[in-house]
Amino acid sequence: MELKRKLSTSELFKTLRAWRDEQARIGGVESYRVLNNACLEAIAERMPETKEALTEIKGIKEAKYRQYGKSIIAMVKAAGVSSSEEPESEAVPLESSNEPLSVGQFLDSVNVELSGLAARIHGEVSSVDVRERVVYFTLKDAKDEGTLNCLMFRYQYDVSGVTIAVGDEVIIEGVPEIYKPNGRFSFRAGVIELAGEGALKKAYDALKKKFEEEGLFSVERKRILPPLVERIALITSSDGAAIGDFTMNVGSSGLKVDFYPTAVEGKKAVFDIIQALKHFQKSPIKYDCLVIIRGGGSLESLQAFNNEALVREVSRMPMPVLAGIGHEKDVTLAALVADVMVSTPTAAARSIGTPWEEARVFVSHSATLLIQSGMQMLEEKKNLVAESSRALEAHFENLLTSVSRLEQAFREKLQIFPYLFSVLRGKLDESKKELIASLSEALKESRDRLGAVEASLRQYDPERLLALGYSLVRSGSQVLRSAREVSVGDRLNIQFGDGGVESEVIRKT
């Protein structure tokens, strides 16, 4: 039972999110403005089946309950019915009060009821008024002459890529509502598309010609996929066969695939796919390529991929784009503007997986060749070593012969060494005697010269003169040689042979 409840919770959350996104498209607002993911998760977990239980959830106040409450409770009750049970028939009583409603309250209540009447309508355009923020138009029924006033927000109209004119047959999706300021009943469309293969083909051809003239399909702007794609951004439906075909054929090379699930059927898928493209544009360096895939179908079912806004968004992708949309006969404008176009999701997967398979085969083949080349090289080196060994042996034999000859010559020289040493010793003894004699004579000559120098020095020694009665007179460090060098009052130092005195000049004579 626990496993069954978890699966039910997961499926309910998925249903609630799809419903929420559809309400956002119809209302022309971001999805979180309807209900955020945390609120949807709480609803899926608690599965409230009454107003009181639903309004206890954060994000569901009275205004939200009036607008979406009954639809949410209906989905919760439907999700709570197992396959073995039959849903009980239970009428939802309308709230009643004795107090009268104001006009605004009544119109709010009516619009809440009308919000549950979302419809897909086919009709002929009988009038068009395109304004800055809103497009007003009227549809008529050719059979019973019924007419329906419609409006569509301008940005949704622009994204749809359809320019309607009086007489065009179109299909719109949206909800009816009453505009409170003037009480006018109208149908607020969130999606608009041309009806009929002829009209779609005409629009397709016109847009294709426009893109060709702009150069969006030119070969020059095409980028190639990396040789081995590892990181993939994937856009497709989580329910279709395309995702299964892709994952089955892409191979098991450990690729990293970030999957962004979107609707891929009809014009209403445009908003989903553009949102996915903008999501992946935020992380351009994170992916090697973007892959967009879906199975084949009619021109009507492939409208989203022939939408101008979507095609231009694909052309602006910062990473290479691989498109596998439809079958070989289905060529969408989004595929034509992609960098690489293949015919099917399976072909897209093989475009990525085949290089990896070829790389594996190449590596395996290279490994075999490497082993064979290694063995061959080893054998060649073995032969080279053997030849080198034989050459070295021959060289060493020659070397040994030369060494033997040198050894013999050395031994012969050693035999005459004693005689040579004896002759050399005699020469050294004679040289010693001659050296001693030369040194003795040089020493005597040096002594004689020193004696003569000493006698000369003694003759000119100042102390000798002082000893004979002379004196040496200084004024400071200067030796005085004349009385003219002295002035009265100068202090003089007089040096005698046995000492000195300090004196002062009193008078010059």
Ionic contact status for K51 with E62, cut-off 4.0 Å: yes
V159 backbone acceptor or donor facing N307 side chain under 3.5 Å: yes
D272 side chain to A263 backbone, donor-acceptor under 3.5 Å: yes
salt_bridge(R294, E265) N-O dist < 4.0 Å: yes
Ionic contact status for D339 with R221, cut-off 4.0 Å: no
4.5 Å side-chain heavy-atom contact, R17 and F13: yes
Exam field: side chain S186 to backbone N149, donor-acceptor pair closer than 3.5 Å: no
Check: Q376 main-chain N/O paired with E379 side-chain donor or acceptor under 3.5 Å: no
Backbone N/O of A165 and side chain of D168: donor-acceptor pair under 3.5 Å: yes
Worked check of salt bridge (charged side-chain N to carboxylate O under 4.0 Å, His left out) between R120 and E193: CA-CA 11 Å; R120 180 175 169 87; E193 57 191 71; 3.3 Å; yes
Test item: side-chain donor near acceptor, N37 and R20, under 3.5 Å: yes
R184 (side chain) donor-acceptor with I178 (main chain) under 3.5 angstrom: no
Test: K210 and E308 ion pair at under 4.0 Å: yes
Heavy-atom side-chain proximity of T262 to S237 below 4.5 angstrom: no
Pair E173 + R188, salt bridge at N-O below 4.0 Å: no
Whether T247 side chain and G244 backbone form a donor-acceptor pair below 3.5 Å: yes
Derivation of the salt bridge (charged side-chain N to carboxylate O under 4.0 Å, His left out) call for R312 and E214: CA-CA 11 Å; R312 293 194 184 278; E214 292 181 12; 2.8 Å; yes
pair F211-L336: side-chain heavy atoms closer than 4.5 Å: no
Heavy-atom pair of closest approach, residues A309 and I274: CB-CD1, 4.0 Å
Salt bridge D258-K286, side-chain N to carboxylate O under 4.0 Å: yes
Side-chain donor/acceptor of R223 to backbone N/O of M319, under 3.5 Å: yes
Interatomic spacing from CE in M341 to NZ in K222 - rounded to 0.5 Å: 7.5 Å
Parallel, tilted or perpendicular: ring planes of Y260 versus H279, cut at 30 and 60 degrees: tilted
Short N-O contact, K201 and D205, less than 4.0 angstrom: yes
Any donor-acceptor pair under 3.5 Å from S364 side chain to V361 backbone: no
Heavy-atom pair with the smallest gap, counting every atom of L148 and F185: CD1-CE2, 4.0 Å
Pair E313 + R316, salt bridge at N-O below 4.0 Å: yes
